[in-house]
Each structure stands twice: as structure tokens, then as C-alpha cells.
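Data first, discussion second: the structure below is written as C-alpha cells.
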Number of protein chains: 2
Amino acid sequence: MTVTGETDRREAAESLALALVGAGMQRMAARALAAFLFSDKESLTAGDLAEELGVSAGSVSGAIKMVAQMGLIERSFVAGSRREHFRMRDNAWTTLYSRQHSIIDDVLSAVERGVDAVGAGPAYGRLTYMRDFYTYLLNEVPALVERFEEQRSGRRGESRP
Amino acid sequence: MTVTGETDRREAAESLALALVGAGMQRMAARALAAFLFSDKESLTAGDLAEELGVSAGSVSGAIKMVAQMGLIERSFVAGSRREHFRMRDNAWTTLYSRQHSIIDDVLSAVERGVDAVGAGPAYGRLTYMRDFYTYLLNEVPALVERFEEQRSGRRGESRP
DNA sequence: CCCAGTCTTCAGAAATTTCTGAACGTTCGC
DNA sequence: GCGAACGTTCAGAAATTTCTGAAGACTGGG
């Protein structure tokens, strides 16, 4: 492992935030998520985030709301602290893929309405293919996630530093 | 199957476009893609699209470029026509999931740099878990797509109208 | 070679999104 | 209860994205 400083950590965090923006995430939400990932504290408060990211309390409030809605962070009650703490959820990533179901579901419903709205012809063929593909995906994701969990728990701790 | 008119088809197309926007796609690209999906022509020209969507030629040009870059449509040479035709690619959806690799790859690289930038501690654990999850996903997608193709080709034509 | 038809590019207008800062709640210690 | 510490909300400013329309480029027929 390389010896690195706080600057490298910040840069790496911003770099990840950028990649997440490229993947369709909103800027501030991505920066907040990266901050959670890269922090060595177990939980962060809104104030911590505002300082770390150099933005207003208002922005942080909105960003936290978004990331929480994605199911990636959760409120965490810390004894002896009045402030509200947030931490990454243990199963953040696998949960994310369940949440994405609802997004694909919306697409799938629209496609299904399309299938009903067109008569026989090329459009019908395209729409049913699309429907079948996404239906298959939707069905397979839970098993996929489960296999990952099993595989990783079998190897737990092997590569920890 | 319900008897439906052109208005229903348009509405269903716009509805799908909306769902795709919700999934992170850009507005005009989503509308263009929906137009391709719902058209009973095998191919469309930029002019066809401009008329169908009621937007300028400039907007259409940009939208086509985006959808083509996603690998969902391709140029199609039509004998006896000077205009440039575009059609949906046969394996548009499965290809899409290969292209998404590059997006996930970007995230994964950023995470990997993060792993190098942090010392032992909570951040290290979070980052390696994230890396492992997305690596697993990346590895599994091709097999998943292949299984879908096999299953569908086995049933080819069964449910065609 | 020139023209008509078609597509692309690009500067700027319009719409939308994002961020801030100030005002307003809430909660807890005293 | 009061006051201080925090967090949230919201109107508006700032930045960004998106769309248009006009100008330019390419292509093939005449």
C-alpha cells in the first residue's frame, strides 16, 4: 500500500464523485456520497459535510436527502451528540440494485402500454423484445446479488489490511 | 389486442420517453429513441424524426448523435434515397449493457484509486466492498445476456401476433 | 460546375437545474 | 420556558443544459 496524504484522499474522492456524475448522479449528491465513502469516521453530520465539501448548509441538506432516498445512507443515533449523524448503510450497494428495480419497472410499464397501443408490425416486434429483455433482467438481479453476497461472506476478511 | 389509433401510439411513445428520462436519459434522445421503437417503418430519416417530434433539424441532429453513440441505432443505406436513414440495431438492448460497462469501469477505476489513497480503516473497508461488488457485476453481465439470448432464441416466434 | 436537398454546427435565447443565504423550526441543556 | 446550536425550507441568483434558427458543408443530379 502506498503512503498517501489527506490531499490524495480528497482528490480520489472528487474523482469518484466525477465518475458518479458521469453515471447519471447529481453533482452534490455524488460529492456527498464520496465523502461518506472516503471518511474514516463511522458517521458524519450535516455540518461535517458542509465543511468537508465547502458548501452551504442548504446544499448539504438537499444532498443528504437525495442520498438517503437512494437508500445509501441512514440516520445514525450517536450517544452524547445532539447533532444528527448519518452513515452508509451496510448493504448500500446491493440495496441500490433493488431500488433500481422501480426505475426499470417504470420503463417496463411504459413498454407494456406500448405493446397494447400498436398493432402487428415492426414496432410490435421491437417492443416485445425490449419487454422480454428487461423482464429477464428484473428477474435475475436478486439471484445475482445473492450469489455475490454468498461468495463474499465465504471469503470474509481474507484481504483486509 | 386492443384496437388503437395513432394518438395512442404517440402517447405511449411519449410516456416511454418520460420513463427513460426518469432513468437518466436526456430528453430529446429519449424522445428520438421512443420514435424509433414505435415506428412501423424499418428506418427513419432525420427529417422524419423532426416532423414526428415537432422539433428543429438541429435538435434532431444532436439527438441522433447521442442515441447512435449509445449503440442503439445505426446508419442504414436505403436504395434510391438520398437521405440518410437510421434504424434500431438488432441487438440494441444487449449491446447497451456492454456499453454500460465503460461507465461502470470509470467508477471502478476511481474506487481503485481510492483504495490506494486511503490507509487501513473504515474507508478502506467501504471502498473494497464497493470495488468487489461492481467487479462481480461486471463479470456476470455477459453470461446473463447470453442466457437471455439463448432462452429467447429457443422460444423464437412463439408469441408473435 | 452549379444547384437543390439534406444534414451538421454553432452562437445565442430560453428553460431548467443547482446553489446560496436568510428566515424559520426543533431540540436540548440549563 | 429561554437561549443556543443545528437542521430545513425557500426565494432568488448563478450556472448549466437544452433548443432553435441561421449559416455552412456535403452530395449527387442535371
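Proteins come first, then strands; the chains are lettered A, B, ... in the order of their sequence lines, and each starts at number 1. Everything numeric here is computed off the predicted structure, so don't read it as measured data.
For the segment residues 71-83 of chain B, the set of residues with a heavy atom within less than 4.0 Å of an atom of DNA chain C comprises B:R75, B:R82, B:R83, in numerical order. Sorted by residue number, the members of residues 47-57 of chain B with any non-hydrogen atom under 4.0 Å from DNA chain D read B:V55, B:S56.
In this structure a side-chain-to-backbone donor-acceptor pair under 3.5 Å is present from A:R31 to A:L53. With B:R9 contributing its side chain and B:F38 its backbone, the two residues share a donor-acceptor pair below 3.5 Å.
The NZ-C1' distance, from A:K65 to D:dG7, rounds to 11 Å in whole Å. Regarding A:Q69, its CD atom lies at a distance of 14 Å from the P atom of D:dT8, rounded to whole Å. Going from atom NE2 of A:H85 over to atom C1' of C:dT27 covers 14 Å, rounded to whole Å. In this structure, B:M28 places its CE atom 17 Å from P of C:dA14, rounding to the nearest Å. To the nearest angstrom, C1' of D:dC6 lies 12 Å from CD1 of A:I64.
In summary, the side chains of A:S98 and A:T95 do not present any donor paired with an acceptor at a separation below 3.5 Å, with no hydrogens or angles considered. The closest side-chain donor-acceptor pair between B:S43 and B:R87, if any, does not fall under 3.5 angstrom.
Relative to the side chain of B:A46, the nucleotides C:dC7, D:dC19, C:dT9 differ in distance, and C:dC7 lies closest. With C:dT18, C:dC7, C:dC19 as the candidates, the nucleotide lying closest to the side chain of B:T45 is C:dC7. Distance from the side chain of B:E84 is smallest to C:dC7 among D:dC19, C:dC7, D:dT17.
Proximity of the aromatic rings of A:F36 and A:F86 is defined here by a centroid distance below 6.0 angstrom, and this criterion is not met.
Under 4.0 Å is where a charged nitrogen must lie from a carboxylate oxygen, and between B:E52 and B:R10 at least one such pair does. Using a cutoff of 4.0 Å between basic side-chain nitrogens and carboxylate oxygens, B:R113 and A:D8 are not scored as salt-bridged.
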Quick one: do A:Y129 and B:T94 satisfy side chain to side chain contact (heavy atoms under 4.5 Å, CB included)? Show the steps, please. CA-CA 11 Å; A:Y129 188 97; B:T94 52; 4.2 Å; yes

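Proximity of B:S59 to the phosphate of D:dC19: no side-chain N or O atom is located under 4.0 Å from OP1 or OP2. Applying the 4.0 Å criterion to OP1 and OP2 of C:dC19, one finds that A:R27 has a side-chain N or O inside that range. For B:Q26 and D:dT18, the shortest distance from a side-chain N or O to OP1 or OP2 is below 4.0 Å.
B:I104 is connected to A:L37 through a chain of hydrophobic side-chain contacts under 4.5 Å among Ile, Leu, Val, Met, Phe, Trp and Tyr, so both are in one cluster.
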